[in-house]
Amino acid sequence: MITKEAIINNEIFVQNDLLSDQELTEFWFHVNSCGYGYTQRSTPYSNKNQKRLSHHYPIDIFVETTVWKKLERLFNAPVGLIDSYINFSEVSARNLTHSDAGLNEPSILICLNEHWERDWGGYTCFFKSMNSSEIVKAICPEPGQIIIFNGFNWHIGLPPTMHAEVPRFMLALKLVWVDPKDKESK
């Protein structure tokens, strides 16, 4: 189980067996049929804007999925979903180092590609701190792979290389810890 303490200690969790083949196939069809628009999201801690293609995934729909129910069970404390979107990244993407969330709130990335090869790039790299160039972990995307981390950790999704045969699709989920009393009152 993933604890608040583990997130506070900046542990990075990678799980490759949570999504069923059917769930991954359904996501694959979804990412290839939904519309994408350019976004320029910026973290409050940086004045740099990213310019990448994204598709907002409605929170009220996602929290009803079996995938969300599985994700919730990974944590030892209640979590809530505050933002969800799919990033579409190809060789020309302009991705910048950024943080996702407030201090010590969990973030999740899920690779929605049906197939990926390491020579295609698209690695997610985590840095030691906001201004550091030291990479503490680099993760090659794998279909269905889930990465859970402290959303305040600075990271970058590298664009795919020119060898990639398909774009890189990542579902980004931004979470908050929920007071158990709030969860019970719903």
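What you see is a predicted model, and the numbers here were worked out from it, not measured in a lab. Residues take their numbers from the sequence shown, with the count starting at 1. Excluded from the calculations below are hydrogen atoms, water molecules and symmetry mates; all remaining heavy atoms, backbone and side chain alike, are included.
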Output the distance between atom [atom1] ([X]) and atom [atom2] ([Y]), rounded to the nearest 0.5 Å.
X: Glu134; Y: Ser129; atom1: CD; atom2: OG; result: 8.5 Å
X: Ile148; Y: Leu175; atom1: CD1; atom2: CG; result: 8.5 Å
X: Tyr57; Y: Leu81; atom1: OH; atom2: CG; result: 10.5 Å
X: Asn9; Y: Lys4; atom1: CG; atom2: NZ; result: 14.0 Å
X: Leu109; Y: Phe149; atom1: CG; atom2: CZ; result: 4.5 Å
X: Leu74; Y: Ile146; atom1: CG; atom2: CD1; result: 6.5 Å

If every non-hydrogen atom of [X] is compared with every non-hydrogen atom of [Y], which pair is closest and at what distance?
X: Asn87; Y: Ala172; value: ND2-CB, 4.3 Å
X: Cys125; Y: Ala138; value: SG-CB, 3.9 Å
X: Pro106; Y: Val79; value: CG-CG1, 4.4 Å
X: Cys111; Y: Met170; value: CA-SD, 3.4 Å

Does any non-hydrogen side-chain atom of [Y] lie less than 4.5 Å from one of [X]?
X: Ser89; Y: Asn95; answer: yes
X: Leu173; Y: Asp83; answer: no
X: Val91; Y: Thr161; answer: no
X: Leu18; Y: Gln145; answer: no
X: Val63; Y: Thr65; answer: no
X: Asp100; Y: Asn153; answer: no
X: Lys70; Y: Glu23; answer: yes
X: Ile139; Y: Ile12; answer: yes

Trp68 versus Glu64, side-chain donor and acceptor atoms under 3.5 Å:
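On atom types as modelled, these side chains do not qualify, holding no pair under 3.5 Å.
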
Full working for side chain to side chain contact (heavy atoms under 4.5 Å, CB included) between Phe152 and Asn10:
CA-CA 9 Å; Phe152 191 72; Asn10 296 321; over 6 Å; no

For Trp154, is there any backbone N or O sitting under 3.5 Å from a side-chain donor or acceptor partner on Lys128?
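Here the side-chain-to-backbone pair does not exist.
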
Side-chain donor or acceptor of Asn150 paired with backbone N/O of Asn104 under 3.5 Å:
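Looks like yes, one N/O pair under 3.5 Å.
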
With side chain to side chain contact (heavy atoms under 4.5 Å, CB included) as the criterion, how do Thr124 and Leu158 come out once you've worked through the C-alpha distance, each side chain's angles and the decisive distance to 0.1 Å?
CA-CA 6 Å; Thr124 301; Leu158 297 175; over 6 Å; no

Would you say the ring centroid of His56 lies under 6.0 angstrom from that of Tyr85?
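That pair fails the under 6.0 Å test.
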
Counting heavy atoms not belonging to Met1, are there more than 12 under 6.0 Å from its CE?
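Yes, enclosed.
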
Greater than 12 external heavy atoms within 6.0 Å of Lys137's NZ
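Open: at most 12 neighbouring heavy atoms sit under 6.0 Å from NZ of Lys137.
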
Run the numbers on Ile86 and Ser54 for side chain to side chain contact (heavy atoms under 4.5 Å, CB included), then give the verdict.
CA-CA 5 Å; Ile86 300 166; Ser54 291; over 6 Å; no

Passes side chain to side chain contact (heavy atoms under 4.5 Å, CB included), Ile147 versus Phe13? Steps please.
CA-CA 6 Å; Ile147 306 168; Phe13 300 88; over 6 Å; no

Between [X] and [Y], is there shared hydrophobic-cluster membership here, with clusters defined by ILVMFWY side-chain heavy atoms closer than 4.5 Å?
X: Ile7; Y: Ile108; answer: yes
X: Ile8; Y: Val176; answer: no
X: Leu103; Y: Val136; answer: no
X: Val31; Y: Ile59; answer: yes
X: Tyr36; Y: Ile61; answer: yes

Would you please name every residue forming a ring pair (Phe, Tyr, Trp, His ring centres under 6.0 Å) with Phe75, sequence neighbours left out?
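Phe75 satisfies ring pair (Phe, Tyr, Trp, His ring centres under 6.0 Å) with Trp177 once adjacent residues are dropped.
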
Just list the side-chain donor-acceptor pairs under 3.5 Å for residues 113-123, sequence neighbours left out, or say none.
from   : atom 1 : to     : atom 2 : distance (Å)
Asn113 : OD1    : Phe169 : N      : 2.8
Asn113 : ND2    : Pro167 : O      : 2.7
Glu114 : OE1    : Trp28  : NE1    : 3.3
His115 : NE2    : Glu117 : OE2    : 3.0
Trp116 : NE1    : Gly121 : O      : 3.0
Trp120 : NE1    : His163 : O      : 3.4
Tyr123 : OH     : Arg118 : O      : 2.8

